[in-house]
Amino acid sequence: WLKPLALLVEAIRGGDSAPRAEPCATTMSSSAPRARARAGPPPTNESAAPAAKAMPSPTGKERAMVGLFASLAIGGVAMIAIGGAQDHAGLSMGAVALFILGPVAYGGLVFSIKQIFAFFSRVKEAQDMSEAAADGDDDQAKFPARPKSPPASSSALAEAAATKAAPAASASAGGAAKNAGASVAKKDDDYEPTAYDLVAEMWASVPSVSQVKQGFEAFTTKAPAAMRDLPASFGNLWTWLTRARWKPFPWVHLPDPIAFAWGVLEVLLIAPLLGIEIMVTVPAMELLKAEWRQKRFSYFRERIPELVRSVSRPLAKLTMRDPRNHSYLPWMALGGIMTPILFFWALNRHAQYGLEFTTLVIYHLIRVGPRLQLFAHIHTLTHKEGHAHRGFFQGPFRFLNCLTEWWVGPFYGVVPWNYYIAHMKIHHRWHNDVDDVHTNLDLERTNPLSFFLYVPRFTLYWTGLSPLALFIKRGEWALISKLLYGMVSYYGVAALLFWWSPTFCLVYWLFPHMEACVLLCAISYLWHAFVEESDPGNQYVNSVTILDGHDNVWNEDFHVVHHHAPNTHWTDAPAHFEANKDKYASVTATIFRNTEEGKLLQWLFERNWDSMAEHFVDLNGKLTHEEKRALIVRRLSVVCGASGRDGKRKEWAATSSIREFEE
């Protein structure tokens with residue numbers, strides 16, 4: 001459906017209407033021949049190879065696609081301003097604004113940005129010229145010009161010119177070709193794909209009508225056989241779910257078929273809205289990063305982060321116990337101000353007009369941020385705050401010590417005190433051993449269906465119910481009272497919102513709660529999925545370390561350091577890893593490089609052991625690809641029983657099974 005809309009927008013904006021030949025082909029504008037004439041002949045074979053790396057310049061249709069996406073974004077903002085009513089009149093007005101105001105505003109925005117950048121480029125050119133002139137004056141002072149020789153006769157000049165014409169011409173041509181090749185190679189080496197290029201790539205990847213038709217025909221051909229195999233598949237699933245196996249308390253009282261159905265339904269319930277979040281925010285982040293890497297933004301890349309730090313650093317010295325945590329402050333401000341404002345804006349809209357799909361989507365897209373970065377930073381902040389027993393802030397600013405967990409976190413599904421109590425007093429006591437209330441060591445981690453059995457475990461942990469049961473078993477009443485305080489506060493607000501509007505409570509308050517359950521459940525499932533059968537208690541194997549991670553928020557990817565030395569400041573985690581690298585190497589620790597949790601989860605669920613092996617790091621440099629693959633599968637296949645990971649466990653939640661680590 002994007003192609004007709006792109007052509008429509010292109011027609012409105014007066015773009016090129018020539019038909020597209022091939023998906024990957026680049027349509028040249030009418031000015032291309034004149035451009036080729038000005039540029040001269042094509043480069044030689046020496047320069048042709050580097051030039052092949054260059055990405056195609058965007059065509060009129062590709063620019064129209066960018067205009068379309070920008071129109072959608074600006075039109076969405078216009079829909080907020082125009083508003084909506086229960087009879088959907090506002091939605092209709094918003095749709096009109098999307099196709100009228102969007103392209104107009106986009107064109108004006110592009111024109112304004114071009115004028116601004118043109119002004120700055122003129123200023124920079126003037127500065128460069130003045131600097132060059134100053135350098136020239138200095139060179140003239142240091143190296144005076146030599147006196148001119150007497151003029152030669154015209155016949156001598158003609159003879160010299162005739163003698164040197166041919167070799168000079170050939171040398172000039174060769175030098176020009178060489179310089180052209182070098183300049184092209186340099187340009188290609190420095191080239192960064194723009195948002196136009198990424199959209200053009202997305203455009204080229206859109207399947208054609210014939211491809212869609214072929215795919216549908218292939219599906220209809222295979223469908224009857226799949227339907228015939230469906231009863232057998234369900235039978236195999238039932239056999240797998242009802243097999244006899246050991247489970248830790250309290251999961252022994254939750255049958256696997258019920259747990260599996262629970263997990264599937266919970267994932268399906270949040271899948272539509274979560275899918276919109278992922279499909280919109282992930283490409284949006286890639287487009288933003290592509291533009292941010294361009295040379296024209298180099299000034300802002302250098303100045304904006306330093307501007308933020310120039311405020312956060314002195315503010316941290318004044319307010320925080322450890323000024324190294326100054327980078328927390330911008331995210332606290334963003335989550336503590338913007339997200340509540342958005343929430344109460346959505347609440348006001350719901351009170352006036354009822355449930356609006358546009359308001360719902362806009363709220364959650366902005367709340368999680370591009371590529372879910374705001375979601376990730378707020379939950380990491382809550383995690384850090386749970387570990388900081390004395391709090392982040394000092395002196396008269398100590399009242400801010402629970403800001404994230406009690407004010408920002410609930411908008412992201414966090415139950416106050418859950419990290420501070422359940423995470424610290426359970427997960428960091430048993431380190432995912434079988435007494436940990438969200439352990440996965442009794443599950444077959446090589447089978448992707450086991451994840452659905454794990455979802456109810458993490459959900460009951462995240463809600464606080466299973467930690468409450470464990471603390472009651474151990475008689476730790478101080479922890480029980482504090483955990484109950486947070487649970488009553490969070491679910492009390494949920495009850496009030498449900499009494500006011502069940503719909504609003506479900507989609508604005510409980511959805512973030514379930515969203516956090518599923519997303520953090522997946523991360524938790526991955527972090528401790530590996531066990532070495534010959535050394536099951538080895539923490540360097542049990543916890544995952546990711547080097548050069550794509551989503552390394554405050555060095556959370558050094559998960560061994562987090563468990564083995566939790567008092568190590570996050571800025572010192574890489575140094576701690578380097579200082580103990582020999583320990584990692586001696587046990588072939590579970591380390592991956594140049595990847596992220598999402599990719600590792602994808603490969604785990606796809607059983608793509610080859611991709612995992614490609615990114616696995618053997619610090620000793622001895623393992624082959626096949627040996628890495630076998631090691632990964634073996635560690636994922638270890639299932640722990642009633643004696644626990646170390647063989648010392650006797651009963652649930654016993655103190656003797658708590659594991660302590662020393663430096």
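Residue numbers start at 1 and run along the sequence shown.
- Remark: Trp554 engages Ser327 in a side chain to side chain donor-acceptor pair (under 3.5 Å) (not counting sequence neighbours).
- Applying the side chain to side chain contact (heavy atoms under 4.5 Å, CB included) test to Ile523 and every residue at least two apart in sequence or in another chain returns Trp527, Glu597, Leu601.
- A search for side chain to side chain donor-acceptor pair (under 3.5 Å) contacts involving His379 returns nothing, not counting sequence neighbours.
- With sequence neighbours excluded, the residues forming a salt bridge (Lys or Arg N to Asp or Glu O under 4.0 Å) with Arg293 are Glu192, listed by chain and number.
- Between Glu306 and Arg309 a salt bridge is recorded (basic side-chain N to carboxylate O distance below 4.0 Å).
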* Asked: Are Leu460 and Trp262 close enough, and set up right, to give a side-chain contact (heavy atoms from CB on, under 4.5 Å), and what steps lead you there?
  -> CA-CA 12 Å; Leu460 290 178; Trp262 177 345; 3.8 Å; yes

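- With hydrogens and angles disregarded, no donor-acceptor distance shorter than 3.5 Å links the side chain of Glu266 to the backbone of Val455.
- Checking side-chain atoms of Arg445 against main-chain N and O of His528 turns up no donor-acceptor pair under 3.5 Å.
- With sequence neighbours excluded, the residues that form a ring pair (Phe, Tyr, Trp, His ring centres under 6.0 Å) with Tyr420 are His389, Trp417.
- Every side chain to side chain contact (heavy atoms under 4.5 Å, CB included) that Asn348 has, sequence neighbours left out, goes to Gln352.
- Taking the salt bridge (Lys or Arg N to Asp or Glu O under 4.0 Å) definition, one finds that Glu291 meets it with Arg296, sequence neighbours left out.
- Across every non-hydrogen atom of Ala376 and Val553, the tightest pair is CB-CG2, 4.4 Å.
- In terms of the side chain to side chain contact (heavy atoms under 4.5 Å, CB included) criterion, residue partners of Pro448 (sequence neighbours excluded) are, by chain and number, Phe605, Arg607.
- Taken from OG1 in Thr281 to CD in Glu286, the straight-line distance is 10.5 Å, to the nearest 0.5 Å.
- Remark: Met320 engages Ala316, Asn325, Tyr328, Leu329, Phe392, Phe393 in a side chain to side chain contact (heavy atoms under 4.5 Å, CB included) (not counting sequence neighbours).
- A distance-only check finds no donor-acceptor pair linking the side chain of Trp251 to the backbone of Arg457 [under 3.5 Å].
- A side chain to side chain donor-acceptor pair (under 3.5 Å) check over residues 511-525, counting only residues at least two apart or in different chains, returns the pairs Arg367-Glu515, His438-Ser524, Tyr454-Ser524, Tyr491-His513.
- Under the 30°/60° scheme for interplanar angles, the aromatic rings of His383 and His387 are found to stand perpendicular.
- Every residue was checked against the side chain to side chain donor-acceptor pair (under 3.5 Å) condition with Ser466, not counting sequence neighbours, and none meets it.
- Across every non-hydrogen atom of Leu372 and Leu519, the tightest pair is CD2-CD1, 3.8 Å.
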Under 3.5 Å, side-chain donor or acceptor atoms of residues 493-501 against the rest of the protein: list the pairs with distances, not counting sequence neighbours.
| unit_1 | atom_1 | unit_2 | atom_2 | d |
| --- | --- | --- | --- | --- |
| Ser501 | OG | His350 | NE2 | 3.0 |
| Ser501 | OG | Phe504 | N | 3.2 |

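- Between Trp406 and Tyr485, the ring-plane angle classifies as tilted under the 30° and 60° cut-offs.
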